[in-house]
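Because only heavy atoms are used, hydrogens play no part in the values below, and waters and symmetry mates are left out as well, while side chains stay in. Lettering follows sequence order; numbering is per chain, from 1.
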Protein chains: 2
Amino acid sequence: MAQQRSENTREQVMAAAVELFCRLGYDACGVAEICATAGISKGAFYHHFPSKKALFLAIMDRWLQSIDERIAGFRAAGSSVPRVMQAMTGAMESIFTDASGQLPMFMEFMVQASRDQAVWEATIAPYRTYQTQFARMLAEGKDEGSIRVDLDEQSAAWVLIAFLVGTLLQGEVMPEAADWKLVVKTGMRMFLDSVQRSAE
Amino acid sequence: MAQQRSENTREQVMAAAVELFCRLGYDACGVAEICATAGISKGAFYHHFPSKKALFLAIMDRWLQSIDERIAGFRAAGSSVPRVMQAMTGAMESIFTDASGQLPMFMEFMVQASRDQAVWEATIAPYRTYQTQFARMLAEGKDEGSIRVDLDEQSAAWVLIAFLVGTLLQGEVMPEAADWKLVVKTGMRMFLDSVQRSAE
DNA sequence: GAAAAAACCGACCAATCGGTCGGTTTTAAT
DNA sequence: ATTAAAACCGACCGATTGGTCGGTTTTTTC
């Protein structure tokens, strides 16, 4: 049990910070408050993180990593477009159920990203990856005949991502306004409808 | 020229605040900085606004009002679904061109809305209005035969709004990543495709 | 078990924050 | 010209902020 204690407090700090960043925002909550919630001292905090912003970056890195793992699941689902869409729908629904509480962090990421270069690059990179992957998938679908050939797959991929991001945002800001799982399902089906080669 | 001066400085303060809120964020920029940018003193500031938050609310009210005016244009475009969609597309494109600079405020609104009740209600109200109007429009389209009857118009309306919000967000955070006008156009066409009664 | 290293503590600091206040200048009314 | 009110000024205040530092406790190493 060498560095077990160290890693433990580090984890406690990050957990406390996520909760406070969500509820109060990055600027509105102080380091002292994070320390109190985590049950440690300020000295311990600055022993693990060089600054408040570094803590934020660490949380973001971990979050992006977990997203990457989710995305990796899509490839395992196969390369057929309808099948991947189905997997995506399921993943989105699971996000809405069990991870909806920590979604405010997503907004915090966005806001910070628009003002800090380092945060910006880390946030933007995965987006481009998803878009590229999905666009390629659509292009393959064209070849195999399941996707209509007059579709602009680059724009279509962005349309899907924009829809998902928008739904996530609204689901967070006004969770009671609609059945967001149903909205996701409907949107996915509409997307599929307009992307697939019309059956004849 | 009675209260001309007063209104003038008030406008200067709001303009300075918008610019600083966009670039630095609400919490990260101080009242003193706003005053310096506006070229007035702190005393003058608190003569016009009771608090920093009140200034924020005032900016938001003005923004929501301008949105309402844009929306009013849609009704003038007629009640036919395809026609309204076309008008919406045009409006979105114009937003991307001439108003893209002040879009970071939108994020600021969202973030504040998730934490402050008063801001929340003001932000949420118009969304529900748009969704309601558009859902009704789709329902009418069902009756007149231009919209497929198996569509859930409530969810479909949310799908559209989520797509537009997501596009706006992404277009702001990564303006160079795609031709966002084209994305809007593509998304609108896809939406129309899947909503309209399939031609036979 | 001694000594070195890592983890931790909490009082403290300079800087900054939103907001106040007594006083001055500008404008409007008489 | 006088006066009252509105607009404006900027020094100041208490509170809070991110971050520091000398010292203590715990863990690891030999």
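Rounded to an integer number of Å, the gap from CG of B:L20 to P of C:dC17 is 12 Å. What separates CZ of A:R10 from C1' of C:dA6 is a distance of 15 Å, to the nearest Å. The distance from atom CD1 of B:I34 to atom P of C:dG19 is 10 Å, rounded to the nearest whole Å. What separates CD of B:Q12 from C1' of D:dC8 is a distance of 13 Å, to the nearest Å. The distance between atom CG of B:D27 and atom P of C:dG18, rounded to the nearest whole Å, is 9 Å. At whole-Å resolution of the value, CZ in B:F45 and C1' in C:dG19 are 10 Å apart. Between A:F49 atom CZ and C:dA7 atom P the separation is 12 Å, expressed in whole Å. A:Y26 has its OH atom 12 Å from the C1' atom of D:dT17, to the nearest Å.
Few gaps surround NZ on B:K52; more than 12 heavy atoms of other groups in view lie less than 6.0 Å from it.
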What's the verdict on salt bridge (Lys or Arg N to Asp or Glu O under 4.0 Å) for B:D152 and A:K185, showing C-alpha distance, side-chain angles and the deciding distance? CA-CA 11 Å; B:D152 175 7; A:K185 200 180 289 183; over 6 Å; no
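Of all nucleotides listed (D:dT20, C:dG18, D:dC9), D:dT20 comes nearest to the side chain of A:K42. Nearest nucleotide to the B:Y46 side chain, out of D:dG19, D:dC9, C:dG19: C:dG19.
In terms of heavy-atom proximity, B:H48 sits nearest to B:T9 at NE2-OG1, 3.1 Å. Summarising the geometry of A:V165 relative to B:L169, their closest heavy-atom pair is CG1-CD1, 4.3 Å, with the distance given to 0.1 Å. Taking every heavy atom of both residues into account, B:A135 and B:Q154 meet most closely at CB-NE2, 3.8 Å.
Taking only side-chain nitrogens and oxygens, B:H48 comes nearer than 4.0 Å to OP1 or OP2 of D:dC8. Side-chain N/O atoms of B:T9 include none lying less than 4.0 angstrom from OP1 or OP2 on D:dA7. The phosphate of D:dC8 (OP1 or OP2) has no side-chain N or O of B:H47 nearer than 4.0 angstrom.
Using bins of under 30°, 30° to 60° and over 60° for the plane-to-plane angle, the ring pair B:Y26/B:F21 lands in the tilted bin.
A:K52 contributes no side-chain N or O that forms a donor-acceptor pair with the base of D:dG19 under 3.5 Å.
Interatomic distance, A:Q131 CD to B:M174 CE, rounded to the nearest 0.5 Å: 9.0 Å.
End-to-end axis angle for the helix from C:dG1-D:dC30 to C:dT27-D:dA4, using five pairs per end and rounding to 10°, comes out at 10°.
Heavy atoms of A:C35 sit nowhere under 4.0 angstrom from any nucleic acid atom. Contacts of B:G30 with the nucleic acid, taken as non-hydrogen atoms under 4.0 Å apart, involve only primed sugar atoms and P, OP1 or OP2.
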